[in-house]
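If you're wondering where the values come from, they're calculated on a predicted model, not measured in any experiment.
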Amino acid sequence: MTWKIQAITGEFTGQEINIDRDMLVGRHQDADVLLQSAEVSRKHAALLLKEQALWVQDLNSSNGTFVNDLKIEDESQLQDGDIVQFASFKFSVFAPTSVVEVVEQETVQEAVDMSQPAEAVAPSETEAEKSAAQHMNEQGMPSLTERDSNVQLSRDGMPQNVTVPKPAPIPAGVDISQVTPEPAPVPVEQPVSRVEEERTEQKNASLGLITIIVLVILAILAWVMFK
């Protein structure tokens, strides 16, 4: 199951769009959600999938991106039933069935836990110790009391005369030097999403524009000085 958005205004009313990856929203021809309107920026916003959650990010659009009629500055997480708006285009958000079920189960479980008394939620420490001691005795192991009586403690509370078990012997005919070490993990280069590429292009364009402005100012100053 995937996230979905459904248009509730404009000419796309009723149309559903599946969000199964990071998607660009705008009137640019390469946009995944193409809204051909002058009020929509060419690269207006981005829909991002982070684990099982859906986020919307505004890309410095002219007329803004809204969630439930509130304008967002950077990005905001979307919930089932939210209304996301790009300029005047509104879409209703539908979460996958699995995500809705998990949220409902967690809410029910929290309500049950709060209604139960503390003693009924978990056994006391004494009962847990008795159960563990009984299980050890059934397996023929000494009880906690018997083992404690055989261990002497120093003045600092550290156990004394405790025998450290010897490591298992190496089988005959096994050459340790011939054991092949596990190969080191190979780092995998993460693919760059389209949203990151768009950010890089915007930064490069801004830098180029600033450079041109500086050159023009320097040229004017030089012309005034040497006139």
Side-chain angles (χ1 to χ4, degrees), residues 1-115 188-210 212-213:
M1 303 296 292
T2 58
W3 287 83
K4 294 181 180 180
I5 58 174
Q6 183 181 38
I8 57 178
T9 60
E11 59 181 341
F12 303 104
T13 301
Q15 181 177 349
E16 289 187 354
I17 301 175
N18 293 331
I19 311 299
D20 53 2
R21 55 186 173 83
D22 292 351
M23 302 179 71
L24 179 66
V25 181
R27 59 183 174 86
H28 193 277
Q29 294 299 324
D30 293 335
D32 301 292
V33 182
L34 182 59
L35 304 176
Q36 293 181 338
S37 175
E39 61 184 346
V40 178
S41 299
R42 296 175 68 254
K43 298 172 183 178
H44 195 100
L47 295 170
L48 307 175
L49 287 175
K50 299 180 181 181
E51 296 180 353
Q52 293 185 350
L54 178 63
W55 293 70
V56 59
Q57 181 183 54
D58 185 72
L59 300 178
N60 298 324
S61 62
S62 300
N63 294 314
T65 301
F66 303 82
V67 176
N68 298 328
D69 296 328
L70 296 177
K71 186 176 182 180
I72 64 174
E73 297 299 333
D74 185 15
E75 63 182 15
S76 176
Q77 184 176 357
L78 298 175
Q79 305 293 339
D80 182 65
D82 283 348
I83 302 298
V84 60
Q85 179 178 348
F86 311 105
S88 64
F89 291 87
K90 293 185 178 182
F91 294 82
S92 181
V93 179
F94 295 94
T97 305
S98 58
V99 174
V100 177
E101 291 178 350
V102 169
V103 173
E104 293 179 350
Q105 291 177 359
E106 290 178 351
T107 304
V108 172
Q109 186 61 38
E110 290 177 357
V112 173
D113 293 341
M114 294 178 63
S115 63
V188 179
E189 183 178 357
Q190 296 295 331
V192 179
S193 64
R194 179 175 295 179
V195 174
E196 294 296 334
E197 293 180 354
E198 298 298 338
R199 288 181 176 177
T200 303
E201 292 179 0
Q202 290 181 358
K203 291 181 179 178
N204 293 337
S206 300
L207 182 60
L209 180 60
I210 292 173
I212 293 174
I213 294 174

May I have the list of side-chain donor-acceptor pairs in residues 25-36 shorter than 3.5 Å, sequence neighbours left out?
residue : atom : partner : partner atom : Å
Arg27   : NE   : Val40   : O            : 2.6
His28   : ND1  : Asp30   : N            : 2.9
His28   : NE2  : Arg42   : NH2          : 3.2
Asp32   : OD1  : Arg21   : NH1          : 3.2
Asp32   : OD1  : Arg21   : NH2          : 3.2
Asp32   : OD1  : Arg194  : NH1          : 3.4
Asp32   : OD2  : Leu24   : N            : 2.8
Asp32   : OD2  : Arg194  : NH1          : 3.4

Under a 3.5 Å distance rule, please check whether [X] uses its side chain to pair with a backbone N or O of [Y] as donor and acceptor.
| X | Y | result |
| --- | --- | --- |
| Asp58 | Ala45 | no |
| Trp3 | Ala53 | no |
| His44 | Asn60 | no |
| Ser41 | Ser62 | yes |
| Asn63 | Glu39 | yes |

*Can you see which heavy atom on Gln85 is nearest to which on Asp69, and at what distance?*
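Where Gln85 meets Asp69 most closely, the heavy atoms are OE1-OD1, 4.0 Å.
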*asked:* To check you understand the geometry: which heavy-atom pair defines the closest contact between Gln77 and Trp55, and what is its length?
replied: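 What the structure gives for the nearest pair is N-CE3, 3.4 Å.
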Give, for atom [atom1] of [X] and atom [atom2] of [Y], the distance between the pair rounded to the nearest 0.5 Å.
| X | Y | atom1 | atom2 | result |
| --- | --- | --- | --- | --- |
| Leu54 | Leu48 | CG | CG | 8.0 Å |
| Asp74 | Thr65 | CG | OG1 | 10.5 Å |
| Lys71 | Ser61 | NZ | OG | 6.5 Å |
| Lys90 | Thr13 | NZ | OG1 | 11.5 Å |
| Leu49 | Thr2 | CG | OG1 | 9.0 Å |
| Asp82 | Phe94 | CG | CZ | 11.5 Å |

_Derivation and outcome, side chain to side chain contact (heavy atoms under 4.5 Å, CB included), residues Ile5 and Leu47_ = CA-CA 10 Å; Ile5 58 174; Leu47 295 170; 4.0 Å; yes
*Neighbour count >12 (heavy atoms, 6.0 Å) for atom NZ, Lys50*: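 Buried by this count: over 12 neighbours within 6.0 Å.
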_In the structure I gave you, are the side-chain heavy atoms of Ile72 and Leu70 within less than 4.5 Å of one another anywhere?_
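Contact flag for Ile72/Leu70 side chains = no.
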*Measure up the Phe89 and Phe12 rings against each other and bin them: parallel (under 30°), tilted (30 to 60°), perpendicular (over 60°).*
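Because their plane-to-plane angle lies in the 30° to 60° range, the rings of Phe89 and Phe12 count as tilted.
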